[in-house]
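Note that this is a predicted model, so its numbers are computed, not measured.
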Amino acid sequence: MATGVGDDGDGNGRLGQDNHVTSRGNKLKQWTLDDKVHRCLKGSGFDNPLLVGNFRVEKSLIRSLLELFDERRHVFSIGGELKQDICFGLEDVMFITRLPIDGKAVTGLEATSPEEVCARLLGRNGCELKGEKYNPVVSLNWLQENFMKVPPEVAEESDDIKVYVRAFVLFVIGCLIVPSATGAHVSVHYLPLAEDITEIKSYAWGAALLAHLLSSFIKVAVKHRKDGAGFYFALMVSNISVFSLVLFVEY
């Protein structure tokens, strides 16, 4: 498959004139995580400071990975004299992101009234209906504008802090774990998973990230779709390490 790659320098890559992948992790650096929210998320994986770092996708490596991807076995197959298969799996995701890979499945919970769910769990309704199926979503910009700054009077032990914790978790889901092709919205269906903030750590967020990432990569590499989006930075970092090890052993 012939591909061409462009990159705008902030982690968003576009592959070819017909296919593109987008890495939305860089949007996370725009969120300044409040100390009180950070402490509430301790041990959940969402407290990882690397999640709000600066991610840059190297266009040449992503191009190479597309060429090497074996859609049948979900591995990157190096031919020629090396003859090596490289697998990007759950342990790679956990090592890079620190998001848990074991636990309850991350599945969106459909609500009869997403507007009510949004108002109840975030304290206000920012729900919009997008797409042909009228999927209930909230804007990532809306989340940042309304919940990034926690008022000083909101105590860490109070119920009021919970809306800010939920908003940040939803923001990470939309930027990193299951980003949309546009990178502008996140589904409200994931919000109930953060209703009890003490249970956030019980979900396999890393497994959800991997499933979405591989599905998105297959869309672009195999099905030539235009709507692939995922945390390709993790894929890039993992393969750089493995490629380096393979070349060192062989030569």
Item to check | Which atom of V75 lies closest to which atom of C87, heavy atoms considered | outcome: CG1-CB, 4.3 Å
Next on the checklist: Just verifying a value: how many Å separate N48 CG and L33 CG, rounded to the nearest 0.5 Å?
Outcome noted: 10.5 Å
Checklist entry - Taking atom CG of L170 and atom NE2 of H189, what is their separation to the nearest 0.5 Å? => result 12.0 Å
List the atom pairs, with distances to 0.1 Å, where a side-chain N or O of residues 151-159 and a protein N or O form a donor-acceptor pair under 3.5 Å, not counting sequence neighbours.
unit_1, atom_1, unit_2, atom_2, d
E156, OE1, R39, NE, 2.7
E156, OE1, R39, NH2, 3.0
E156, OE2, R39, NE, 3.4
S158, OG, A155, O, 2.7
S158, OG, D160, N, 3.4
D159, OD1, K162, NZ, 3.2

Next on the checklist: Could you measure the distance from the OH atom of Y203 to the OG1 atom of T107? Nearest 0.5 Å is fine.
Outcome noted: 7.5 Å
Checklist entry - Are L140 and L176 grouped together when hydrophobic residues (ILVMFWY) are joined by side-chain heavy atoms under 4.5 angstrom apart? => result yes
Checklist entry - Roughly how far, to the nearest 0.5 Å, is CG of D35 from SG of C40? => result 11.0 Å
Next on the checklist: Nearest 0.5 Å, please: how far is CD1 in I177 from NE2 in H212?
Outcome noted: 10.5 Å
Item to check | Euclidean distance, T97 OG1 relative to L210 CG, rounded to 0.5 Å | outcome: 10.0 Å
Checklist outcome for this item: Here the pair of heavy atoms bringing M148 nearest to T32 is SD-N, 3.1 Å
Checklist entry - Taking the six-membered ring of F147, is the NZ or CZ of R124 close enough (under 6.0 Å from the centre) and on axis enough (within 45°)? => result yes
Next on the checklist: A side-chain contact here means heavy atoms from C-beta on lying under 4.5 Å apart; do I200 and L193 qualify?
Outcome noted: no
Next on the checklist: Are W31 and W205 connected into the same hydrophobic cluster when the rule is that any two of I, L, V, M, F, W, Y join if their side-chain heavy atoms are below 4.5 Å apart?
Outcome noted: yes
Next on the checklist: With a sphere of 6.0 Å drawn around CD of E116, does it hold more than 12 non-hydrogen atoms of other residues, nucleotides or ligands?
Outcome noted: yes
Checklist entry - Are V137 and V117 joined in one hydrophobic group, where the rule is that I, L, V, M, F, W and Y side chains link up if heavy atoms are under 4.5 Å apart? => result no
Checklist outcome for this item: In short, salt bridge (charged side-chain N to carboxylate O under 4.0 Å, His left out) pairs touching residues 195-216 with sequence neighbours left out are K104-E199, R120-E195
Checklist entry - Do V37 and V186 sit in the same hydrophobic cluster, where Ile, Leu, Val, Met, Phe, Trp and Tyr count as joined when their side-chain heavy atoms come under 4.5 Å apart? => result yes
Item to check | Test side chain to side chain donor-acceptor pair (under 3.5 Å) applied to D34 - qualifying residues, sequence neighbours left out | outcome: none
Checklist entry - What's the shortest heavy-atom distance between E128 and S139, and which atoms? => result OE2-CB, 3.8 Å
Next on the checklist: Same cluster or not: L28 versus V93, using hydrophobic residues (I, L, V, M, F, W, Y) connected whenever any side-chain heavy atoms lie under 4.5 Å apart?
Outcome noted: yes
Next on the checklist: Please give me the minimum heavy-atom distance between C127 and P136, naming the atom from each residue.
Outcome noted: SG-CB, 3.7 Å
Checklist outcome for this item: Note: F168 and F46 closest approach over all heavy atoms is CE2-O, 3.6 Å
Checklist entry - Do L213 and F88 have side chains that get closer than 4.5 Å, going by heavy atoms? => result yes
Checklist entry - Taking side chain as C-beta onward, heavy atoms only, is W142 less than 4.5 Å from L122? => result yes
Item to check | Nearest heavy-atom neighbours spanning V106 and A208 | outcome: CB-CB, 3.7 Å
Next on the checklist: Would you say that F171 contacts Q30 through its side chain, given a criterion of any heavy-atom pair below 4.5 Å between the two side chains?
Outcome noted: no
